[in-house]
Amino acid sequence: MSDIDIELVSVCKTFGDFRAVNDVSLSVPKGEFVSLLGPSGCGKTTTLNMIAGFQEPTSGEIRIRGNCQTRTPPEKRNIGLVFQNYALFPHMTVAENVGFGLRMKGAPRAEIDQAVKAALKSVHLEGLDARYPKELSGGQQQRTALARAIAPKPSVLLLDEPLSNLDLKLREAMRVELKEIQEKLGMTFVYVTHDQEEAMAMSDRVVVMAGGVIAQQGRPEAIYNSPATSFVADFIGKSNILPVAVKQAAGDRREISIGGTPLTLRVEGDASTLATAKFCCIRPEDVRVVDNGAQPLPDDNVFDGTIAKIVNLGAHLDLWVSVDPGMTIKALVRSNRSGTLKTGQPITVSIGAKAIRLLDR
Amino acid sequence: MPITKRLFASVVFTAGAASVAHAEQLVVNSYGGPYEQIIMERIIEPFQKMTGISVVYDSVGSASQDYAKIKATRGRPGFDVVVMTASQSLDGCREGLLEKFSAKTVPNLVKLNPAINRIAGECGAVHELQYMSLMWRTDKIKSAPTSWSLLFQPELKGKVILPTFQNIMAANLVQALSVMNGGDLLENVAPGFTAMGKLAKQTVGFEQSSAVMETYIKDGQVWAMPFWNGRAQLLMDSGLPVDYTRPKEGTIPLIATLNVPTGAENKAAAMKFVDFFLEKSSQEAWVTGYKVGSARPDIEVPDSVRARQITTEEDLKKLLLPDLSITATKLPEWGDRWERDVVHAAN
Amino acid sequence: MSAVVTEMPAAAPKGRRSSLGGYVPLVPPLTVLLIFFAIPIGMMIGISFQDPKTAAWSLVSYEKFFTDNLMIAGLLRTLVMSGLVAICVTVMAYPVGYFLARSTSRWRAVVFALAIAPELAGVVLRTYGWLIILEDRGFINDALIWSGIVLSPLPLAKNLFGVVVGLTHVVLPFGILAIMTSIQGIDPNLEKAAQILGASRLSVLRHVVFPLSVPGIVSSLLISFTMAASAYATPALLGGARFKVLATMIYEQIMFYTNWPMAAVMALVLLVLMLAFSFAGTRAETRLHKKLNV
């Protein structure tokens with residue numbers, strides 16, 4: 001009856017002494033593209049397996065479309081799954097693969113053929129019906145796996161790192177396509193990945209997992225801009241994470257000093273956040289290089305340093321600036337400056353007070 | 001100095017080797033089971049004590065299997081003395097695979113009844129005589145039978161056991177039944193096969209070795225069967241309620257021989273052994289131990305034993321004795337007929 | 001009879017200069033094969049063309065073998081028995097092989113040991129064991145008669161049934177290994193994929209596992225067939241005089257009739273048959289692998 005397609009209620013999974021998934025609760029509304037993001041071993045694949053039904057939770061409940069399905073076998077759950085290695089049936093043609101789900105449902109021949117055609121069309125694989133999986137390229141195999149999963153029209157599609165075997169260009173193209181397909185079909189996608197760029201690019205909501213628990217969940221921008229913990233800050237995007245030593249609040253002014261250095265930074269935020277702050281997080285793109293072109297704002301933190309390292313990534317430069325013997329900050333600088341910057345060169349950087357996030361863990 | 005030392009060492013070594021060689025060895029191939037016990041006790045141990053030759057006993061193989069081995073190894077089968085039958089003795093002599101015996105090498109040979117010994121030829125020393133008896137369980141068959149026809153009685157359906165053709169008793173049975181039904185021992189054996197075909201319907205099965213056949217009558221599954229009389233007597237003596245007889249229609253004797261392959265390693269010791277086995281005392285011990293007959297007419301045996309064994313030429317004359325070399329050549333043809341007429345009739 | 005080598009490992013030449021050198025490591029095993037295999041087989045072929053009585057060149061043994069209905073019956077019996085063993089072994093090996101390939105339970109090691117351990121007891125011991133169980137006064141018949149189910153013993157030994165039971169038991173571990181290896185080679189995700197698409201366990205087996213395990217099935221059939229066809233001890237003990245197969249007939253020809261030419265003919269017929277089956281079997285396996293795209 002609800003709008004919620006998938007609901008996990010306090011789900012735990014232990015293997016012997018090891019807690020792979022520890023009290024995870026999650027609600028996925030219909031039509032959402034949600035990513036389970038985290039490093040290897042964080043419990044995201046185990047969670048996916050439990051939603052699919054390949055593993056049973058040690059405790060907790062799993063509801064699919066409002067029905068409790070904690071102990072239902074996978075074949076009765078009516079959800080789709082795209083495997084990391086595609087798992088295409090090598091002895092069947094593309095058409096037979098894609099039609100497999102409907103065949104298992106006992107649908108009539110004509111209906112199967114029609115659904116197969118439609119599914120192949122939506123993944124841009126028309127004309128390849130009679131090919132065998134080993135005759136397809138990686139990208140084509142991936143799309144066939146997708147078509148196979150969506151052909152029986154499940155309301156939920158699970159995807160287990162489906163793009164990890166593709167090269168970068170293809171991966172990026174597929175990201176766009178997957179999102180398009182998801183929006184067109186209006187299907188709920190639960191996407192497991194360790195690639196945060198991927199999760200950020202496609203998801204309506206990102207669920208960051210670590211050590212079997214959810215570290216943070218929310219819209220991609222929200223997580224990026226307001227990471228809740230240093231782990232999330234470090235995992236999503238690139239950041240500088242610096243330990244906070246002494247904090248001072250005097251009237252309007254809030255200041256923190258960075259542990260191990262004499263540096264003091266002005267920050268914004270309320271007193272309670274300041275009181276509990278243990279780390280601060282600064283995105284590299286918020287570290288501006290000060291020169292004749294750019295002027296720092298009055299509230300900015302400005303200090304001098306030396307360029308310790310430059311990595312030229314083509315579109316931009318990663319600069320490591322040594323501000324103090326104890327502190328190296330990474331700055332993201334646009335490439336048109338590449339010619340003018342060299343290692344060892346002194347440089348002035350400024351960081352806006354607003355750009356410094358305070359974290360309590 | 002060093003040369004003298006080396007010389008001394010080699011002399012000692014050779015002397016030592018020679019003395020080791022002096023402790024002679026002999027490999028005797030015969031049968032296992034009760035046979036082995038008796039031969040050990042009555043022949044082999046006394047022989048070892050008397051000559052100091054150590055005997056290695058090999059109980060693997062029936063007479064025909066041993067002969068196949070001798071043939072395959074061209075007379076070098078690995079044993080020095082073997083117990084086979086007159087049939088293999090004749091074959092092996094002709095093929096040059098068995099040593100010829102003479103009065104010089106085996107002095108006791110002349111003590112054997114010449115007619116009997118001639119049957120085995122120059123390469124066989126007859127050490128034992130048996131015949132194929134009809135054995136029955138006295139607790140299941142009340143009146144003592146006198147004829148092979150017992151086996152054909154309706155009451156005995158499923159209570160008979162027959163040998164496989166690889167056991168020489170099978171061919172002998174065909175020959176005996178052939179004579180019983182108007183045929184003969186060698187050429188006109190058709191009546192024998194016809195009778196065997198009928199007998200096949202009576203049998204519980206076919207077994208290869210005497211040892212296995214014995215188990216059927218021991219546990220009472222079988223009530224009557226053909227069996228070598230020596231073994232039958234042993235069973236009787238062991239307390240089993242059985243008895244055996246020489247059927248009135250006649251039966252075939254088993255002329256067992258000692259043979260020495262031409263490639264035997266310890267020929268001198270082998271000849272000594274053969275001679276020892278044919279000694280009066282040994283033959284007496286053997287006859288009373290294994291309950292068989294002997295080809296030596298001069299041995300002293302209790303009358304009770306004499307009554308049931310072949311011990312004289314006359315005894316032998318009363319049996320049906322086919323020309324053994326011709327029998328041997330007929331075996332492939334008869335084996336074929338056995339498969340068709342007998343084994344298939346049993347199915 | 002030991003397994004026949006139908007393929008030789010190919011040596012990869014390292015370059016034009018050492019293309020011959022690449023074959024050097026093959027010399028020792030080839031020499032062994034030549035001395036202990038090729039030459040004796042050659043001698044056996046020679047013997048098969050001898051007249052049993054005169055040792056002159058003759059085809060008499062070949063003629064006899066192929067025209068005598070008893071000999072042909074023996075050949076057919078061998079083929080039928082081997083075929084039945086192949087089927088029984090494969091059917092029984094399949095579930096066990098599947099379990100061993102897929103199971104993660106703690107019983108896996110136990111089942112594996114039980115499957116392989118009987119081999120340690122040796123063929124003769126196990127065959128005698130079956131004789132004791134199957135014979136007329138054996139365990140099964142005793143139980144059946146005692147419980148009144150039958151009045152007289154059922155013929156379970158000394159016939160095709162007894163031999164097939166005994167041989168199936170002896171050959172089963174090899175079938176299990178063949179099937180297990182084949183199923184281990186099937187990506188477990190395929191079964192999961194089928195499941196999530198709505199296939200019941202039975203459908204998964206039918207549509208995914210079984211078709212992809214056909215090469216393993218062929219392998220199991222082939223191994224069982226050739227092992228059964230060349231078996232001696234089990235048909236000798238459990239078949240008896242009434243159930244003769246080529247192996248026991250060969251033994252009889254050598255040990256009783258000392259007719260070596262006939263024995264050689266029979267042995268060569270058996271050898272050629274098994275070579276033919278092995279060849280056909282491995283061809284089929286290769287083709288199947290291609291067809292299944294694995």
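Just so we're clear, the structure is a prediction, and the values are computed from it rather than from any experiment. Within every chain, numbering begins at 1; the chains are lettered A, B, ... in the order of the sequence lines, protein sequences first and strands thereafter.
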Side chain to side chain, C/Phe112 and C/Met180, heavy atoms closer than 4.5 Å: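 Answer yes - side chains close enough.
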From A/Lys30 atom NZ to A/Ser155 atom OG, the distance as rounded to the nearest 0.5 Å: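 OG of A/Ser155 is found 5.5 Å from NZ of A/Lys30.
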Do any side-chain atoms of residues 41-52 of chain A form donor-acceptor pairs under 3.5 angstrom with protein atoms, and if so which ones, sequence neighbours left out?
| unit_1 | atom_1 | unit_2 | atom_2 | d |
| --- | --- | --- | --- | --- |
| A/Lys44 | NZ | A/Gly38 | O | 3.2 |
| A/Lys44 | NZ | A/Pro39 | O | 3.4 |
| A/Thr47 | OG1 | A/Gly43 | O | 2.7 |

Pick one of side chain, backbone, both or neither for [X], based on which atoms fall under 4.5 Å of a heavy atom in chain C.
X	answer
A/Arg103	side chain
A/Leu102	neither
A/Phe89	both
A/Asn85	side chain

Those residues that, when tested against A/Glu32, pass side-chain contact (heavy atoms from CB on, under 4.5 Å) (two or more places apart): A/Val28, A/Pro29, A/Val34, A/Asp204, A/Arg205
